[in-house]
Amino acid sequence: MNTIGTTRDGEPVSLYRLATPELAVEITNYGARVLKYEYADTDHLYGPKDCESLLADTCYCGSICGRVANRIAGGCFELDGKEYVLATNNGPNHLHGGNVGFSDRLWTVEEATDTRLVMALESPDGEEGYPGTVKVRATYTVEGRSLKLELEGATDAPTLLNLTNHAYWNLDGTGVVNGHCLLVHAAEFTPMVANIPTGKIAPVEGTPYDLNTPALLGSRNAPGVIPGGYDDNYVLPAADGVREAAVLTNGRRTLRVLTDAPGLQVYTGDYLPLPRGGVALEAQNFPDSPHHANFPSIVLRPGETYRRTIVWEID
């Protein structure tokens, strides 16, 4: 563990290195962010590498987003007959937990070894408008050429919880990802208007959203709100456990994303400081779930345990 700087409030920001003979990963307690994923002498993550850049980041690079990843339309939701008002930090909508989400909080390190890092965070009742005190834990483990993230959470009152990791992948290690090919195992997606789902679940077949055959990111233009790129949720096949959701390759390296999440948000990073500097493959529940009864629920109640697993394997 190394201290790499301090927050604006003077709290220490720490960096932890997990490694196997093949893979080295660097993770910070600030936002539980993965800053480096080094394989074959190349870091395959786009984003800040030092504390100053980390604190200035507004793109959620490598972070855990919550309480609710992705957007909630209008910054409000109803739960058990009561309406809750959230921060609107993305136009009229709530995004990735609000003004100060889990991505910008200091997490408490509970365990740190050469191959495993366990961090915890408590979100008090009313934080960013959410009800209930929520306690979450993130466990990162490296094995061989893979990094596994296990997320869990519990609450003392009914609330919403939908966590993900927001890493941006660039298998070249530099430049843009237009030369990368992406495959997503999904026959359906959730069409959107102005980044908010309509509530429909539609087939990808015959549309630019069909990534069941590997697509060159630089040659595919989805007719969405991101000009020339993707910021869309894919409906993954139902499964009882972890299964392969996506495969990203640059012709030399291949990254496999495995998860038990029902959805995968594909964002080609068109609004990064370096547009297309990386592609985010966010395993999560669907955007704006509280407003669509046909979407998988993200309601968490006392006595229940939220769980999510994401694995990244490279070769």
Ignoring hydrogens, what is the shortest heavy-atom contact between [X] and [Y]? Give both atom names and the distance.
X      : Y      : answer
Cys59  : Tyr271 : SG-O, 4.4 Å
Leu23  : Arg145 : CD2-C, 3.8 Å
Asn162 : Asn285 : OD1-N, 3.0 Å
Leu163 : Gly66  : CD2-CA, 3.8 Å
Gly173 : Thr42  : CA-CG2, 3.9 Å
Tyr46  : Leu274 : OH-N, 3.3 Å

Regarding [X] and [Y], do their side chains bring together a donor and an acceptor under 3.5 Å, going by distance alone?
X      : Y      : result
Asn2   : Tyr16  : no
Tyr140 : Asn165 : yes
Glu11  : Thr7   : no
Asn70  : Glu282 : no

With no hydrogens and no angle check, is any side-chain donor or acceptor of [X] less than 3.5 Å from a backbone partner on [Y]?
X      : Y      : value
His180 : Leu171 : yes
Thr268 : Asp270 : no
Thr249 : Gly251 : yes
Arg243 : Pro237 : yes
Gln284 : Ala261 : no
Thr28  : Ser14  : yes
Ser289 : Phe286 : yes
Asp260 : Val242 : no
Arg105 : Glu122 : yes
Arg137 : Val118 : no

Please determine if [X] and [Y] form a salt bridge, counting it only when a charged side-chain N lies under 4.0 Å from a carboxylate O.
X      : Y      : result
Asp172 : Arg252 : yes
Glu38  : Arg17  : yes
Arg253 : Asp315 : no
Arg116 : Glu111 : yes

Would you mind reporting whether [Y] and [X] have side-chain heavy atoms less than 4.5 Å apart?
X      : Y      : value
Arg67  : Ser123 : yes
Thr190 : Val235 : yes
Val299 : Leu160 : yes
Trp312 : Leu281 : no
Pro191 : Pro197 : no
Thr133 : Thr155 : no
Val266 : Val184 : yes
Leu161 : Val68  : no

Once rounded to the nearest 0.5 Å, what's the spacing between atom [atom1] of [X] and atom [atom2] of [Y]?
X      : Y      : atom1 : atom2 : answer
Glu313 : Glu244 : CD    : CD    : 8.5 Å
Leu258 : Lys148 : CG    : NZ    : 11.0 Å
Ile314 : Arg256 : CD1   : CZ    : 12.0 Å
Cys181 : Leu248 : SG    : CG    : 8.5 Å
Thr139 : Leu117 : OG1   : CG    : 8.5 Å
Leu18  : Thr113 : CG    : OG1   : 7.0 Å

Between Thr159 and Val134, is the side-chain contact (heavy atoms from CB on, under 4.5 Å) condition met? List the steps.
CA-CA 8 Å; Thr159 192; Val134 166; 3.7 Å; yes
Apply the test side chain to side chain donor-acceptor pair (under 3.5 Å) to residues Tyr30 and Asp104: give CA-CA distance (whole Å), side-chain angles for both, the deciding distance (0.1 Å), then the verdict.
CA-CA 6 Å; Tyr30 183 79; Asp104 292 312; 3.0 Å; yes
Working for side-chain contact (heavy atoms from CB on, under 4.5 Å), residues Trp107 and Ile64:
CA-CA 10 Å; Trp107 292 55; Ile64 291 177; 4.1 Å; yes
Taking atom [atom1] of [X] as the centre, report whether more than 12 heavy atoms of other residues, nucleotides or ligands fall under 6.0 Å from it.
X      : atom1 : result
Lys49  : NZ    : yes
Asp114 : CG    : no
Asn294 : CG    : yes
Glu150 : CD    : yes
Glu205 : CD    : no

Angle between ring planes, [X] versus [Y], binned at 30° and 60°: parallel, tilted or perpendicular?
X     : Y      : result
Tyr60 : His166 : tilted
His94 : Tyr130 : perpendicular
Tyr39 : His44  : tilted

According to a 4.5 Å side-chain heavy-atom criterion applied to Ile, Leu, Val, Met, Phe, Trp and Tyr, with indirect links allowed, do [X] and [Y] form part of one hydrophobic cluster?
X      : Y      : value
Phe295 : Ile72  : no
Val177 : Trp169 : yes
Leu151 : Val109 : yes
Ile298 : Tyr234 : no
Val311 : Val257 : no

Yes or no on side-chain contact (heavy atoms from CB on, under 4.5 Å) for Val100 and Glu128, after CA distance, side-chain angles and deciding distance?
CA-CA 7 Å; Val100 184; Glu128 296 295 322; 3.8 Å; yes
Between Val13 and Arg33, is the side-chain contact (heavy atoms from CB on, under 4.5 Å) condition met? List the steps.
CA-CA 11 Å; Val13 176; Arg33 296 177 181 233; over 6 Å; no
Can you name the one residue among Leu182, Leu211, Val176 that meets side chain to side chain contact (heavy atoms under 4.5 Å, CB included) with Leu217?
Leu182
